[in-house]
Amino acid sequence: MYKSLVRPVLFKFDPEKVHYFTFSILKNFPVLARIFLPKPIEDPRLEREVFGLKFKNPVGLAAGFDKDAKMFQELSDLGFGFIEIGTLTPKAQDGNPKKRLFRLIEDSAIINRMGFNNGGVDAAAERLKNKKNVLIGGNIGKNKVTPNEDAVNDYIICFEKLFPVVDYFVVNVSSPNTPNLRELQDKEPLTKLLGTLQEINSKKGKPKPILLKIAPDLSDDQLLDIIDIVKDTKIAGVIATNTTLSRENLISENKVETGGLSGKPLTKRSTEIIRFLSEKSGKAFPIIGVGGIHSAEDALEKLDAGASLIQLYTGFIYEGPELIRKINEGILKKM
């Protein structure tokens, strides 16, 4: 029903406006949503225990969809096993000028240059106090005006504010839409950043898993550095991958827009990186696979490549909530 009736209507309008319109429907008309949306699968065979946390199923929602933690409960009710909120920054910021979100329908893709638009970590942390039976990841970043040499302080602020209300953390240094942010992926600054957060984490009564989200545009040598950094800092794992700057083989007119590309064009590369990290590290740490998952087959490929969990974003927009159910059905059939 979503692809045949709902999506054609939604795709006639500006994607950012549609995003907030959809939020409004889910929030204000929950009964209507339950009637028209597929019933989630609940099966104990889908449960996964990863980095010390118990997930009701391995299909999560990637960061960027519920940046400000306003819809995590309603989105969880669609069947997601976990929700990742953010990217959050210490201070509220508007992000980049609009228009900043573009559909590439012929490529089943999206380009965004949102720029960490969010209402600030304090407001999100307050909303998360009300969460019930939802496993939440907190994706954290730095404000645009914060220079890279001071970036660690922004991450510390977000870490401390969110610590009481999230289940795991994701350090985002791989978004292409904040100037110079990706420079923090270099070995020296990244080791310092993760090491500092881990030192703070270790002093908590019960430390929480910290993961690193990486770009799909890293070279093999850079990926080997990531493996070393994970081992050296003893963080819990990696999320592979964020959006890409590549525009290879695209046919849509909007391919000329700047920003990060997500969706089907990223499917192969993100799976390659998952397999590389898994094999070269000797499966030393868990990987959450994200990027171009538009079918159960795409999800199973990432799990087979070495991912412990997977996340949806663009595939969720193009395929609808039914994709969550189809992936979980595919996992059960393979057992």
Side-chain angles (χ1 to χ4, degrees), residues 50-51 62-63 87 109 111 113 139-142 147-149 151-152 155 169-199 209-250 258-293 298 301-311 313:
V50 186
F51 37 79
T87 298
I111 290 175
R113 52 172 181 262
N139 189 301
I140 57 177
K142 78 173 189 71
N148 277 2
E149 54 266 28
V152 65
Y155 287 91
F169 284 92
V170 180
V171 175
N172 187 353
V173 291
S174 52
S175 169
N177 300 316
T178 296
N180 305 318
L181 181 72
R182 285 190 170 192
E183 292 176 5
L184 294 175
Q185 289 184 119
D186 293 344
K187 193 168 187 177
E188 184 177 345
L190 186 53
T191 301
K192 178 184 176 183
L193 171 58
L194 294 175
T196 301
L197 292 177
Q198 276 290 66
E199 185 177 357
I210 297 175
L211 289 84
L212 171 68
K213 189 165 188 175
I214 64 172
D217 307 313
L218 299 178
S219 66
D220 285 356
D221 286 342
Q222 289 173 311
L223 291 173
L224 290 172
D225 281 345
I226 294 296
I227 292 172
D228 289 340
I229 291 168
V230 173
K231 291 179 179 178
D232 290 344
T233 60
K234 296 181 172 58
I235 63 168
V238 169
I239 297 184
T241 63
N242 212 320
T243 56
T244 181
L245 292 172
S246 171
R247 297 294 187 266
E248 188 176 356
N249 298 322
L250 299 181
T258 59
L261 174 77
S262 60
K264 280 191 177 181
L266 195 52
T267 305
K268 181 181 177 182
R269 178 57 181 159
S270 106
T271 303
E272 287 174 350
I273 289 179
I274 292 165
R275 182 173 287 108
F276 184 96
L277 292 174
S278 180
E279 292 179 353
K280 296 296 183 181
S281 72
K283 300 183 179 180
F285 48 83
I287 301 167
I288 298 180
V290 56
I293 300 174
D298 293 335
E301 283 181 4
K302 283 180 168 46
L303 293 170
D304 290 342
S308 301
L309 306 165
I310 56 106
Q311 290 178 324
Y313 185 94

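Here the structure is a predicted model, which means the values were calculated and not measured. The residues of the chain are indexed from 1 along the displayed sequence.
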* Shortest non-hydrogen contact between N242 and P216, atoms and distance -> O-CD, 3.3 Å

* Structure fact -> To the nearest 0.5 Å, atom OG1 of T191 lies from atom CG of D186 at 10.0 Å

* **Heavy-atom closest contact (A307 atom, G289 atom, distance)** => CB-N, 3.9 Å

* To do: Go through L194 and D232 one step at a time and tell me if the side chain to side chain contact (heavy atoms under 4.5 Å, CB included) criterion holds.
  => CA-CA 10 Å; L194 294 175; D232 290 344; over 6 Å; no

* List the steps, then state whether salt bridge (Lys or Arg N to Asp or Glu O under 4.0 Å) holds for D217 with R182. => CA-CA 10 Å; D217 307 313; R182 285 190 170 192; 2.7 Å; yes

* **Side-chain heavy-atom pair P265, L250 within 4.5 angstrom cut-off** => yes

* Taking atom NZ of K192 as the centre, report whether more than 12 heavy atoms of other residues, nucleotides or ligands fall under 6.0 Å from it. => no

* Could you please spell out the steps behind the side chain to side chain contact (heavy atoms under 4.5 Å, CB included) verdict for T233 and I210? => CA-CA 10 Å; T233 60; I210 297 175; over 6 Å; no

* Are there more than 12 heavy atoms of other residues, nucleotides or ligands under 6.0 Å from atom CD of E199? -> no

* To do: Check step by step if side chain to side chain contact (heavy atoms under 4.5 Å, CB included) holds for L277 and I227.
  => CA-CA 7 Å; L277 292 174; I227 292 172; 3.8 Å; yes

* **Pairwise distance CG(D228) to CG(D225) - rounded to 0.5 angstrom** => 6.0 Å

* When you check the side-chain N and O atoms of T267 and D298, is any donor under 3.5 Å from an acceptor? -> no

* Whether Q311 side chain and I288 backbone form a donor-acceptor pair below 3.5 Å -> no

* To do: Please determine if R269 and E272 form a salt bridge, counting it only when a charged side-chain N lies under 4.0 Å from a carboxylate O.
  => yes

* **Shortest non-hydrogen separation from L218 to Q185 and the atoms involved** => CD2-NE2, 3.8 Å

* To do: Drop me the distance from I273's CD1 to I214's CD1, to the nearest 0.5 angstrom.
  => 5.5 Å

* Asked: Nearest heavy-atom pair of Y313 and A63: which atoms, and what distance?
  -> CD1-O, 3.8 Å

* To do: Return yes if some donor-acceptor pair links the side-chain N/O of N148 with the main-chain N/O of N180 below 3.5 Å, else return no.
  => yes

* Measure the spacing between NZ of K213 and OG1 of T241 and express it to the nearest 0.5 Å. => 8.0 Å

* Rounded to the nearest 0.5 Å, how far apart are CG of L261 and CD1 of I111? -> 5.5 Å

* Asked: Can you name the closest pair of heavy atoms from K231 and A284 and give their distance?
  -> CE-CB, 4.1 Å

* Asked: Does a donor on one side chain sit under 3.5 Å from an acceptor on the other, for S278 and K283?
  -> no

* **Residues F285, L211; criterion side chain to side chain contact (heavy atoms under 4.5 Å, CB included); working and verdict** => CA-CA 10 Å; F285 48 83; L211 289 84; over 6 Å; no

* **Atom pair CD1/NZ of I274 and K302 - distance to nearest 0.5 Å** => 5.0 Å

* To do: Decide whether T178 and K142 meet the rule of one side-chain donor and one side-chain acceptor closer than 3.5 Å.
  => no

* Asked: Among all residues two or more places apart in sequence or in another chain, which pass the ring-ring contact (aromatic ring centres under 6.0 Å, His included) test with Y155?
  -> none

* Structure fact -> Note: L181 and S174 closest approach over all heavy atoms is CD2-N, 4.2 Å

